[in-house]
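Below is one structure, written out as structure tokens; the observations come after it.
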Amino acid sequence: MSGRTWSRIGLLLAFAPFLIFCLMFELIPTFALLVGSIGGVEKHSFEWIGKVFTNATFQRSILNSLLLAVTSSFLGAVIGTAIGYAITRTRHNRLRGPLIGLASLSANAGGISLGFAFITILGSAGMITILLRQFGIDLMSFFSIYSVIGLIVVYLYFQVPLMIVLMLPAFAALKDDWVEASASLGGSRTDFWRRVGIPVLMPSIVAGTVLLFASSMGAYATAQALIGSRINLMTIQISILRRGEILYQPAQADAMATVLLAIVALSVLAYHIMQRQAQRWTHA
Amino acid sequence: MSLMSDAPAVLATQQPAETRQARRGPEIGYLILFVIFTGYMLIPLIGVGLFSVATTWFDTVLPVGYTVDHIVETLNDPLFVPTVGRSIIASLATIAVSVVLMTPVMFLIHVAAPRARPLVEFLSLLPFALPTIVLALSLIRTYSAPPIVLSGTPTLLILAYVVTGLPFMYRALDNSLRAIDTTTLNEASVTLGASRWTTLRRVILPNIRTGIAAGALLVFSVTFGEFTLSSFIVGDAWKTSGVWTVAIWDDQPHKTTVMVMIGFLISWIISLVILVGFSKRATVETGQR
């Protein structure tokens, strides 16, 4: 290394501000939340955690959130993978840049803006709702933007581009030599996909799907802007319990948040494990 | 990417007739996918954009008339300047804290303490596993009782923003430190007799300016107009533009859509700046990996 090496103490001092920050604003608060969910260390009780799974309203919120997250991440993954493949494979090279730009731009979308934007097109006086009405189709009779299905449509707005962005490196790693190698060994296109293509892409697809799942489980602002408290989701339930004009139950909110944290953290962990698998190919 | 664009040519020389026919089919499919995708990404923007300039619009496909009144009214609203001002202050403060906090650490894991990388990476990417509403609750719980009471203050909001910005700063700084071959630069500088501080300030920092700028812009676009953290941590006590935008929806939806458009415009401009302004740097970064 360099002529002057860093002393242990020097290094520790240089790292200190960052480590103290993370301790104070990531680790301790998370720990405090876990403690809060059992009502404190001294008079601890698993009553609130238990209630998350036994109370009918809370159960429903978990089911709704899971339904929303599973469906939107599955659809987002399938559509995003297809479009990512199309972007990689198209002969229209000039389209590639703008499409990748559009995808990376929208992958970070979300928040309240997205909720309001969708109301203006799919709400009861929305542009598309009225357009369809002129063709004699009453959208509101079978679809509402203020429902779990409506939320799926809205969440796909960031799920699909996110999946595209996540899949592009995987498709780029699928070397053309492998297609040739497979063909010269007598393999058909189906053989190539079954024996080479899919196995190489699978870790990336699974990793992406899991990440979409996590992002949709934890989303709050979009849902709040769109539906207020009309749909019973985990994040909405947490906010009701915490703000509590009707029922202020901070320990119950902490318990619900702890369960949500466990689900999301496990998903992100699974994502990293799958991603490591995928990197065998993308970093090759 | 470039490998991929050559793919059809390579395949065509292999099996000319069959492949060329097989290729035409998918190409139409690809274009259909692109049209649907682009439409899906743009129509909500068009909807909210039209609503923000519409006079009356409830039973026609397109607005009856157009006006800039909503925009003027929004900009003249007594709450516009304070709320947007607070959001800008919070975002800029977040950027300042993030840069000061992260730059030395990232420099060190590149030159002096590579063994600390897994820890720094874990702590920086942890916010990805922390849903925003969970972060909000945990911070309120921790800082609303002594010894440290910060709940309800902009300080806690800014520190929460720093947490959510960590992954973005980490990636941006890590990429640019990789791209400039920090280890070699550092050794060269130290061999020439420069102190560590001088090396960081005179050699490394000027070279990673674009990385810092890209990280800062990303942090700005995730924090400006943010709703969840500001509504839980400061709420109406220090109303940010995000909280105001939601609050006026029921009574003045047109103003809300003007605010939404402003938010979209800011994030589009920032993304374009990053894509166009830093794309050369970005290709170097991926190339060096």
Side-chain angles (χ1 to χ4, degrees), chain A residues 2-4 6 11 14-15 17-18 21-22 25-26 28-30 32-33 36 82-83 86 88-91 93 95 99 101-102 105-106 108 111-113 116-118 120-121 125-127 130-131 134 157 171-172 176 180 183 218 220-221 225 235 238-239 242 253-254 257 260-261 264-265 268, chain B residues 1 3-8 10 14 27 30 33-34 37-38 41 43-45 47-48 51 58-61 101-102 104-105 108 112-113 116 123 126 128-129 131-134 137-139 141-142 159 163 186-187 190-191 222 225-228 242 245-246 249 256-257 260 263-264 268 271 275:
Chain A
S2 57
R4 267 169 284 176
W6 289 73
L11 272 180
F15 274 103
F18 174 76
F21 176 85
C22 292
F25 297 100
E26 281 183 359
I28 291 177
T30 306
L33 182 83
I83 297 174
T88 316
R89 282 281 148 177
T90 180
R91 279 179 304 178
N93 292 327
L95 291 179
L99 284 166
L102 184 62
L105 180 54
S106 316
N108 280 328
I112 51 171
S113 307
F116 292 127
F118 268 91
T120 65
I121 59 163
M127 195 164 63
I130 292 165
L131 184 69
Q134 299 200 334
Y157 189 90
F171 282 126
D176 295 312
E180 286 172 52
Y220 164 70
T235 49
I238 291 170
S239 130
R242 177 74 221 189
D254 286 355
L260 178 65
L261 174 63
V264 171
V268 172
Chain B
M1 213 52 12
L3 268 176
M4 278 310 179
S5 49
D6 295 340
V10 173
Q14 287 271 309
E27 197 63 39
Y30 298 160
L33 275 180
F34 295 156
F37 173 62
T38 312
M41 292 293 112
I43 290 171
L45 295 174
V48 77
F51 196 86
F58 55 91
D59 55 358
T60 48
V61 174
L101 204 61
M102 292 289 285
V105 171
L108 283 176
L123 291 171
L126 195 60
F128 272 153
T132 322
I133 195 169
V134 174
L137 251 64
S138 62
L139 288 174
R141 153 127 343 238
T142 313
L159 294 169
V163 173
N186 179 58
E187 277 172 30
V190 172
T191 312
V222 292
E226 191 279 339
F227 172 73
T228 309
T245 304
V246 173
W249 169 251
T256 295
T257 55
V260 168
F264 272 126
W268 277 64
S271 303
L275 278 175

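Residue numbers start from 1 in every chain, and the chains themselves are labelled A, B, ... in the order their sequence lines are given, proteins ahead of strands. In this text, all values refer to a predicted model and were calculated from it rather than measured experimentally.
The residue among A/Y157, A/F15, A/F118 with the most heavy atom pairs within less than 4.5 Å of chain B is A/Y157. With chain B as the partner, the residue from A/G218, A/P17, A/A82, A/A32 showing the most heavy-atom pairs under 4.5 Å is A/A32. If you tally non-hydrogen atom pairs under 4.5 Å between each of B/R141, B/E226, B/M102 and chain A, the highest count goes to B/R141. Looking only at heavy-atom pairs under 4.5 Å with chain A, the residue among B/V222, B/L101, B/L33 that has the most is B/L101. Each of A/A221, A/A265, A/S113 has some count of heavy-atom pairs under 4.5 Å with chain B, and the biggest count is that of A/S113.
Interface residue A/I121: only side-chain heavy atoms are found under 4.5 Å from chain B. Residue B/T191: no heavy atom, backbone or side chain, is found under 4.5 Å from chain A. Using a 4.5 Å cut-off between heavy atoms, B/I133 touches chain A through its side chain atoms alone.
Nearest heavy atoms, A/R89 versus B/E27: O-OE1, 4.5 Å. For the pair B/L137 and A/A253, the tightest heavy-atom approach, listed with the atom from each and the gap, is CD2-O, 3.7 Å. Across A/L261 and B/P131, no two heavy atoms sit closer than the pair CD1-CD, 4.2 Å. Nearest heavy-atom pair across A/A14 and B/V105 is O-CG2, 4.4 Å. Between B/L123 and A/E26, the shortest heavy-atom contact is O-OE2, 2.8 Å.
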For a side-chain contact (heavy atoms from CB on, under 4.5 Å) check, start with the C-alpha distance between B/V134 and A/V264, then their side-chain angles and the critical distance, and finish with the verdict.
CA-CA 10 Å; B/V134 174; A/V264 171; over 6 Å; no
Go through it in stages, so that I can follow the logic: the residues are B/T132 and A/Y220, the test is side-chain contact (heavy atoms from CB on, under 4.5 Å), and I'd like the CA-CA distance, side-chain angles, deciding distance and then a yes or no.
CA-CA 8 Å; B/T132 322; A/Y220 164 70; over 6 Å; no
Do B/T142 and A/F25 pass the side-chain contact (heavy atoms from CB on, under 4.5 Å) test, and can you show the C-alpha distance, the side-chain angles, and the key distance before you say yes or no?
CA-CA 9 Å; B/T142 313; A/F25 297 100; over 6 Å; no
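Inter-residue side-chain proximity for A/L99 and B/T38 is flagged as met; some heavy-atom pair is nearer than 4.5 Å. Side chains of B/V260 and A/T120 form no contact here, defined as non-hydrogen atoms less than 4.5 Å apart.
Atom CD1 of A/I28 and atom OG of B/S138 lie 11.5 Å apart (nearest 0.5 Å). For the atom pair B/F264 CZ and A/S106 OG, the distance stands at 8.5 Å (nearest 0.5 Å). In this structure, CD1 on A/I112 lies 11.0 Å from CH2 on B/W249, to the nearest 0.5 angstrom. Summarising the geometry, atom OH belonging to B/Y30 is positioned 13.0 Å from atom CG belonging to A/L95; distances are rounded to the nearest 0.5 Å.
When the ring-ring contact (aromatic ring centres under 6.0 Å, His included) test is applied to A/F18, no partner is found at least two apart in sequence or on another chain.
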